[in-house]
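First the proteins, then the strands, lettered A, B, ... as listed; each starts at 1. The basis for the numbers below is simple: all heavy atoms, side chains too, and nothing from hydrogens, waters or symmetry mates.
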Amino acid sequence: MARSWLMKSEPNDYAYGDLERDGRTAWDGVRNYQARNFLRDEARPGDRVLFYHSNVQPPGVVGVAEVASEPYPDPAQFDPDSKYFDPKATEAEPRWFVVDLVPVRELPRTVTLAEIKADPALSEMLLVRRGNRLSVMPIADAEADRIVQRAERPADGS
DNA sequence: GCCAACGTTGGC
DNA sequence: GCCAACGTTGGC
């Protein structure tokens, strides 16, 4: 059964618009073991992804994407010229995994982090837990639904 | 630019 | 295996 995820990207690095331009991309460069485990062990084709822009004003969810492949080893870990190169990774024993993403749609407006924090229905999200820095995190389908629905309404509406 | 909160590294 | 030092994330 398809599930929902939230994935963070700095738009200076890779923005939702870049995904629309590319049509498909490997979600590479995840170098955190907890996030890696989510990708490798739980992400499956058809899963819904809320695309979050971090390190930008305002931070928030800007679009919806979909997992479009099974997990596979991150090619960047084997590439000495990549900033994601990992000398300890081997083809036989890869450490890092990716899934491909395809764009679904840009949201009508950004659902900001501040707005998510202010919504009691979203207070259980990992995203708003203190100190959380995961770049890939699971979210409840109902939470994903609510964020997408919020984007259909003005920011001051509830 | 600051800095809190984490994760990782490496000496011992 | 402990833990101090260091690096990174990411909101503000």
Ring pair (Phe, Tyr, Trp, His ring centres under 6.0 Å) test vs A/Trp27 passes for just one of A/Trp96, A/Phe97, A/Phe51, namely A/Phe51
d(CZ, A/Arg36; C1', B/dT8) in whole Å | 14 Å
Side chain of A/Arg133: nearest nucleotide among B/dT8, C/dG11, C/dT8?
-> C/dT8
Has A/Tyr52 got a side-chain N or O lying under 4.0 Å from the OP1 or OP2 atom of C/dG11?
-> yes
Decide, yes or no, whether a salt bridge links A/Asp13 with A/Lys8 under the criterion of side-chain N to carboxylate O below 4.0 Å.
-> no
Rounded to the Å, how far apart are A/Asn32 CG and B/dT9 P?
-> 12 Å
So does A/Lys8 get a side-chain nitrogen or oxygen closer than 4.0 Å to the phosphate oxygens (OP1/OP2) of C/dG10?
-> yes
A/Gln34 has an atom CD; how far is it from atom P of B/dT8, in whole Å?
-> 10 Å
Start with the C-alpha distance between A/Tyr72 and A/Asp100, add both sets of side-chain angles, then the distance that settles side-chain hydrogen bond (donor to acceptor under 3.5 Å, both in side chains), and finish with yes or no.
-> CA-CA 9 Å; A/Tyr72 61 96; A/Asp100 287 352; 2.5 Å; yes
When A/Val136 is tested against each of A/Asn32, A/Val99, A/Val30 for side-chain contact (heavy atoms from CB on, under 4.5 Å), which residue passes?
-> A/Val30
Length of the line joining A/Trp96:CH2 and B/dG7:P, which is rounded to integer Å | 13 Å
d(CG, A/Leu134; C1', C/dG11) in whole Å = 16 Å
C/dT8 C1' sits how many Å from A/Tyr33 OH, rounded?
-> 15 Å
Give the rounded distance in Å between these two atoms: CG of A/Leu113 and P of C/dC12.
-> 5 Å
